[in-house]
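One structure is given below, encoded as structure tokens.
Every heavy atom of this structure was used, including side-chain atoms; hydrogens, water molecules and symmetry mates were not. Owing to the predicted nature of the structure, the values given are computational and were not obtained by experimental measurement. Proteins get letters first, then strands, A, B, ... in listed order; numbering begins at 1 in each.
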Number of protein chains: 2
Amino acid sequence: MGRMNLTTAGVLRAAADLADRGGYDAVTVSALARELGVQPASLYSHVRDRAAVLDGIHELALGELADRISTAIAGRSGRNALAGLIEAHRVFAAERPGRWTALQRPADEATARSESAQRVVSLIWAVFRGYELPEGELVHATRIVGATINGFLGLEAAGSFAHRPVETEQSWGRVLDVLDGALRAWPGGAAPDGAAAPGHPGADAALPAGTAAPGIHPTPTAQEATP
Amino acid sequence: MGRMNLTTAGVLRAAADLADRGGYDAVTVSALARELGVQPASLYSHVRDRAAVLDGIHELALGELADRISTAIAGRSGRNALAGLIEAHRVFAAERPGRWTALQRPADEATARSESAQRVVSLIWAVFRGYELPEGELVHATRIVGATINGFLGLEAAGSFAHRPVETEQSWGRVLDVLDGALRAWPGGAAPDGAAAPGHPGADAALPAGTAAPGIHPTPTAQEATP
DNA sequence: GACCCGAACCTACAGCCTGTAGGCACGATC
DNA sequence: GATCGTGCCTACAGGCTGTAGGTTCGGGTC
């Protein structure tokens, strides 16, 4: 076996594919090395450590998700755009379970500030443009829509809906209904100019760029929520 | 060091505490043994393997969560009960991050059918009784409410809302508003008798007992979503 | 009170994983 | 053709899981 001429990008891509095929936890340096026909130690020239591999999958996945969202909402607005947004997430989660799991882990600083993360946020906000949310409610809406989508897909992936595929599709339909309804009659006031209670719109301005994904990725697992 | 006279329950309790203090991933057989002043191999008489420890934490947490929900919704109904329900989740997640993380993992069969799991579901349905949902929509509502709560808390735990505590509290307020509004004007028809589309109420009867938590726990991490 | 037995914990070990250190070899460059 | 750097290697230290088999303590029995 001569030189494989690996690159960091190639290693990360292989890692992401391995995660999709064998499950997120199967992404070990050893398994990855086996996959690439190389000794484990050799990978450390291309990748700092295992955590860097996982972070790499996260960012890779973020970019791919942004691409999918982009095409899913193209030429659509309002409820249709929202449908495209959530469907893009669901299809991505189903087709790329390992990549999707990576998105649920806390993102490292660099990933959170990455161009991919910003693209995802921009696309979500583009969808919200079809609803007339007060400026200050954008952040909250992003968080809640993200929470619901990720929460639902998490439950689905964990098998909580197992063996009831028909009902699951109906539930998914309700997700769209509920979110569309919520955005249409947003509690903070639905008028473009902040109407009134219970939030003081304008108090929270739009997120400064660079603050990164303010509430859609990453998601669960409180691994380091240790106090 | 004489006999420690460990019990399975004691080991699991120590494991749960360790998870809360050191993070979910810190729950290794080795660390647990150190904690208990015992050699790693000794634990295998009390616990089948590491997975059994994690499952044990899951079920333990489920019971504790049920207790908290129970007191949080006692004597309340409608929006107040819903507020108690979601607040109980949030407080539990904040105070017991390790236990809460355990709840996000796929539950094993036994845990899913456990009495604790059933208690949680019953309590949620008790809250829904204050809203006039068609029978067939109970499942969907449970899933969506569970998805939103878990999704939000997941984002919070992952630090996605980091350094914006005020906004986070506002967002949390919106969660209650949105869920209350959704339940009040449920898309499948809000009348006690299933009005009409888009779901055929009655087609899906109430969940058979034994089917266990149909959509609130467990949650994310598609570890075994490998096709 | 001597004996026995089982439970509780131990040591030892095999196997896999991460990450570091240092070596060799191939190929590009001069 | 000699040199140098990069790409991958072997070797190893240290940690974790889980199995096998030994030892000791304490309670029941006669």
Item to check | d(CD, A:Gln39; C1', C:dG19) in whole Å | outcome: 14 Å
Checklist entry - Can you check the B:Leu43 CG to C:dA8 C1' distance for me, whole Å? => result 12 Å
Item to check | Nearest to side-chain heavy atoms of B:Val29, which nucleotide of D:dG18, C:dC17, D:dT10 | outcome: D:dG18
Checklist entry - Distance-only, no hydrogens or angles: does the B:Asp180 side chain make a donor-acceptor pair with backbone N or O of B:Leu176 under 3.5 Å? => result no
Item to check | Nearest listed nucleotide, side chain of B:Thr28, among C:dT11, D:dT17, C:dT18 | outcome: D:dT17
Checklist entry - Is B:Ala41 touching bases, backbone alone, or none of the nucleic acid, heavy atoms closer than 4.0 Å? => result base
Next on the checklist: Categorize A:Ser30 for me: base, sugar-phosphate, or nothing, with a 4.0 angstrom heavy-atom threshold over every strand shown.
Outcome noted: base
Next on the checklist: Taking side chain to side chain donor-acceptor pair (under 3.5 Å) as the definition, give me every residue that meets it alongside A:Arg119, ordered by chain and number, with sequence neighbours left out.
Outcome noted: A:Asp67
Checklist entry - Do you know the tightest heavy-atom contact between A:Leu18 and A:Val27? => result CD2-CA, 4.2 Å
Item to check | Selection residues 81-91 of chain B - residue pairs positive for salt bridge (Lys or Arg N to Asp or Glu O under 4.0 Å), sequence neighbours left out | outcome: B:Arg90-B:Glu156, B:Arg90-B:Glu169
Checklist entry - If you check the A:Tyr44 side chain, which of C:dG19, C:dC17, D:dT10 turns out closest? => result C:dG19
Item to check | Partners passing side chain to side chain donor-acceptor pair (under 3.5 Å) against A:Glu115 (at least two apart in sequence or in another chain) | outcome: none
Checklist entry - For DNA chain D, what residues of residues 46-55 of chain A have any heavy atom nearer than 4.0 Å? => result A:His46
Checklist entry - Nearest-Å distance, CG (B:Asn5) to P (C:dC10)? => result 12 Å
Checklist entry - D:dC9 phosphate, OP1 or OP2: any side-chain N/O from A:Ser42 under 4.0 angstrom? => result yes
Checklist outcome for this item: Hits for side chain to side chain donor-acceptor pair (under 3.5 Å) against A:Thr148, two or more places apart or cross-chain, chain-then-number order -> B:Thr148
Next on the checklist: Nearest to the side chain of A:Arg34, heavy atoms from C-beta on, is which of C:dC9, C:dC17, D:dC8?
Outcome noted: C:dC17
Item to check | Protein-nucleotide distance (B:Leu36, atom CG; C:dC9, atom P), rounded to Å | outcome: 10 Å
Checklist entry - With A:Glu59, which residues qualify under side chain to side chain donor-acceptor pair (under 3.5 Å), at least two apart? => result none
Checklist outcome for this item: Across all chains, not counting sequence neighbours, the salt bridge (charged side-chain N to carboxylate O under 4.0 Å, His left out) partners of B:Arg68 are B:Glu95
Report all interatomic pairs (protein N or O, nucleotide N or O of nucleotides 24-28 of chain D) with separations under 3.5 Å.
from, atom 1, to, atom 2, distance (Å)
D:dT24, O2, B:Arg3, NH2, 2.4
D:dC25, O4', B:Arg3, NH2, 3.3
D:dC25, O2, B:Arg3, NH2, 3.4

Checklist entry - If you look only at pairs with a residue in residues 29-40 of chain A, which of them pass as a side-chain hydrogen bond (donor to acceptor under 3.5 Å, both in side chains), with sequence neighbours excluded? => result A:Arg21-A:Glu35
